[in-house]
Amino acid sequence: MDISRRIVLHFPPRVTGQPVVYHLAKDFDLTFNILKASITPGEEGLLIMELSGDQGNYDKGIEYLTEAGVKIQSLSQDVIRDEARCTHCGACINLCPTIAFSLEPKTRIVLFDHNKCIVCGLCVKACPPRAMRVYF
Amino acid sequence: MSKTIAEINEKIKRGKAVVVTAEEVIDIAREKGGRQAAEEIDVVTTGTFSPMCSSGVFLNIGHSKPRIKLGGGNVYLNDVPVYTGLAAVDVFLGATALPEDDPRNKFYPGEFNYGGGHVIEELVAGKDVRLVATAYGTDCYPRKKLETWINLKDINNAILFNVRNAYQNYDVGVNSSDRMIYTYMGVLKPELGNANYCTSGELSPLLNDPFYKTIGIGTRVFLGGGIGYVAWHGTQHNPHVLRTDNGTPKEPAGTLALIGDLKQMKPEWLVGTSMLGYGCTLTVGIGIPIPILSEEILRYTMVSDADIFAPIVDYSEAYPQRKPDILGEVSYAELKSGHITIQGKDVPTASLSSYPKAIEIANILKGWIEKGEFLLTEPVAPLPGIESGITFKPLKERPIDG
């Protein structure tokens with residue numbers, strides 16, 4: 001069975017020099033789509049990507065990453081809207097590169113589609129009541 | 001047909017007043033006709049929920065033992081400086097005040113995560129706030145240092161006094177430069193990448209009473225979730241602007257100074273707000289009832305988003321350099337469609353003013369009036385109108401040396 005997951009990889013400094021993504025593709029036949037990357041050799045790195053392939057291979061790939069010292073988080077938990085703080089103004093709507101925010105046409109309530117979020121963080125600081133929070 | 005505020009209040013007390021929101025009135029009056037709608041409807045409620053920087057609170061924190069004269073000293077609430085140029089224990093906490101160690105825009109764009117507006121929100125929420133003060137000491141006020149928790153419920157007075165709220169219409173902000181800019185109109189993307197607007201349009205209080213025929217000094221309003229009053233016309237009140245045929249200003253015009261007891265307000269309607277790269281402020285919830293005294297008054301409340309036009313202003317050049325140029329006018333109906341066209345370019349729009357919250361405010365006020373909990377007031381004096389000759393003056397700089 002094929003699966004596709006969006007994950008956040010945290011690389012400790014010693015791992016940033018290793019071609020881990022190459023191994024995911026070559027050794028485990030997984031396809032990857034990098035959504036965000038911030039990797040500098042010798043520093044802690046961050047890579048957000050969509051990883052797809054056979055369930056068995058996916059699990060082995062994750063095991064390989066874990067053994068290599070990479071910390072893995074599911075992406076969907078990373079940007080959360082504090083519903084009590086959101087005032088539904090709309091300041092975030094046109095800043096989101098993946099159009100994760102939209103307006104409910106009748107009520108003009110701001111909808112947040114978690115699945116479209118790539119955790120770029122643009123909305124977080126631009127949100128006037130600071131309702132968007134990144135959890136790493 | 002004409003009604004008086006006293007007659008409407010009698011109906012409110014009997015639970016018989018017909019109250020609709022400024023959004024609802026549009027369809028009702030179109031269907032029934034102005035005359036009949038004006039007879040049937042007693043009150044139209046408006047609402048707005050937007051960042052409003054000229055907001056703040058006067059606090060009287062009570063006298064310590066021994067006494068301290070905060071007046072002329074330095075006082076901080078949760079590290080945010082307050083104004084002390086008043087009597088011994090009165091201070092003023094402004095919405096845009098920042099802690100002295102906030103980096104501002106030193107690391108551009110500054111985040112401005114905590115300031116005066118946030119302290120106001122925490123006070124209203126009933127949280128303890130840390131007061132740190134130093135003073136010079138006098139014979140009658142010998143103490144020089146004070147560090148204590150304070151809480152809204154324990155202090156003598158907390159008076160929200162906003163010298164400019166509820167702008168009657170406002171600019172649409174855009175950015176024609178080649179870099180991102182960070183403004184009080186939000187983050188504006190380069191090359192007309194987005195357009196931000198900031199009123200509740202057809203629900204906005206002063207857009208429903210364009211000539212200030214019912215809203216005046218002394219008008220009782222919904223302010224920050226409690227009761228407030230119109231204290232005066234707001235700063236920069238500018239009635240003499242371009243208007244459409246039905247009187248709606250086509251640019252920022254009237255403003256209100258509002259006052260109310262902070263102790264009966266609610267934190268969900270006074271929200272500490274951070275504008276990236278700009279500063280801190282307070283988002284204020286305001287709702288104003290409009291008594292339908294005549295068909296003319298009703299007709300003003302029928303204003304719809306299609307009738308309200310706002311100027312498109314370039315915040316990368318025209319605004320900072322105080323140039324009068326605008327990039328065009330656009331209706332609120334177009335703004336709310338999500339896209340407008342500027343210089344042939346399709347530009348996505350967004351609001352900084354919360355329409356869902358504005359509707360909620362108009363409905364809360366409607367509920368208060370329907371239940372007989374909120375009576376209307378007769379203004380004790382009108383706001384200055386077009387005939388007042390008041391204009392919005394720029395600063396004329398005069399060199400001091402020379």
Side-chain angles (χ1 to χ4, degrees), chain A residues 8 35-38 40 43-46 48 78-136, chain B residues 23 49-51 109-114 117-118 121 174 180 182 184-189 193-198 200-201 203 267-285 305 335-339 347-360:
Chain A
V8 182
L35 303 171
K36 183 179 179 176
S38 167
T40 311
E43 290 175 20
E44 185 170 307
L46 174 82
I48 301 175
D78 280 344
V79 164
I80 290 174
R81 180 164 75 176
D82 180 343
E83 298 297 335
R85 271 208 86 71
C86 174
T87 63
H88 298 277
C89 66
C92 53
I93 287 180
N94 292 322
L95 299 178
C96 177
T98 57
I99 317 177
F101 298 100
S102 60
L103 276 185
E104 209 277 314
K106 179 90 180 78
T107 59
R108 306 195 72 78
I109 280 174
V110 178
L111 307 171
F112 172 47
D113 185 347
H114 220 233
N115 294 323
K116 287 187 180 169
C117 173
I118 55 164
V119 198
C120 69
L122 270 177
C123 60
V124 174
K125 290 174 184 171
C127 171
R130 294 287 187 266
M132 305 304 297
R133 307 225 169 113
V134 186
Y135 291 93
F136 283 117
Chain B
E23 188 186 58
F49 189 65
S50 285
E111 294 185 17
F112 304 101
N113 288 314
Y114 196 87
H118 299 85
E121 181 186 334
V174 296
M180 191 88 97
Y182 302 89
Y184 70 84
M185 292 298 289
V187 180
L188 297 174
K189 298 200 277 189
N194 60 332
N196 284 348
Y197 60 98
C198 200
S200 56
L203 262 185
E268 57 264 46
W269 302 112
L270 291 172
V271 176
T273 298
S274 306
M275 300 308 293
L276 185 62
Y278 182 74
C280 287
T281 183
L282 184 71
T283 296
V284 182
D305 288 333
L335 286 167
K336 288 188 179 173
S337 77
H339 291 264
V347 181
T349 59
S351 178
L352 296 180
S353 176
S354 170
Y355 197 75
K357 293 285 178 187
I359 292 179
E360 206 178 325

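Order of the sequence lines fixes the chain letters, A, B, ..., with proteins taken first and strands second; residue numbering starts at 1 for each chain. The analysis underlying the following values was restricted to heavy atoms, covering all of them including side chains, and did not include hydrogens, waters or symmetry mates.
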If you round to the nearest 0.5 Å, how far is [atom2] of [Y] from [atom1] of [X]?
{"X": "A:Thr87", "Y": "B:Tyr355", "atom1": "OG1", "atom2": "OH", "value": "15.5 Å"}
{"X": "B:Phe112", "Y": "A:Arg130", "atom1": "CZ", "atom2": "CZ", "value": "10.0 Å"}
{"X": "A:Cys89", "Y": "B:Phe49", "atom1": "SG", "atom2": "CZ", "value": "9.5 Å"}
{"X": "B:Lys357", "Y": "A:Cys86", "atom1": "NZ", "atom2": "SG", "value": "8.0 Å"}

Heavy-atom pair count under 4.5 Å with chain A, highest-scoring of [options]:
{"options": "B:Thr281, B:Asn196, B:Thr349, B:Thr283", "answer": "B:Thr349"}
{"options": "B:Ala350, B:Cys198, B:Gly193, B:Pro348", "answer": "B:Pro348"}
{"options": "B:Met185, B:Lys189, B:Glu268, B:Met180", "answer": "B:Lys189"}

Task: Under 3.5 Å: donor-acceptor pair, side chain of B:Ser351, backbone of A:Gly90 - done: no
Task: Exercise: identify the closest heavy-atom pair between A:Ala91 and B:Leu352 - done: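 That closest heavy-atom pairing would be CB-CD2, 3.6 Å.
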Task: A:Arg85 versus B:Val271, closest heavy-atom pair with distance - done: NH2-CG1, 3.5 Å
Task: Under 4.5 Å from any heavy atom of chain A - which part of B:Tyr197 - done: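 It is the side chain, since no backbone atom gets that close.
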Task: Contacting region of B:Glu121 [heavy-atom separation from chain A under 4.5 Å] - done: side chain
TODO: With a 4.5 angstrom heavy-atom cut-off, could you sort out which part of A:Cys92 is near chain B: side chain, backbone, both or neither?
DONE: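 Neither part, no heavy atoms under 4.5 Å.
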- [ ] Evaluate the side-chain proximity of B:Asn194 to A:Ile93: yes if any heavy-atom separation is below 4.5 Å, no if none is.
- [x] no
Open item on the list: With a 6.0 Å cut-off (strictly less than), is the heavy-atom count around NZ of B:Lys336, excluding the residue itself, greater than 12?
Closed with: yes
TODO: With chain B as the partner chain, list the residues of residues 96-110 of chain A whose heavy atoms fall under 4.5 Å from it, by residue number, and write 'none' if nothing qualifies.
DONE: A:Thr107, A:Arg108, A:Ile109
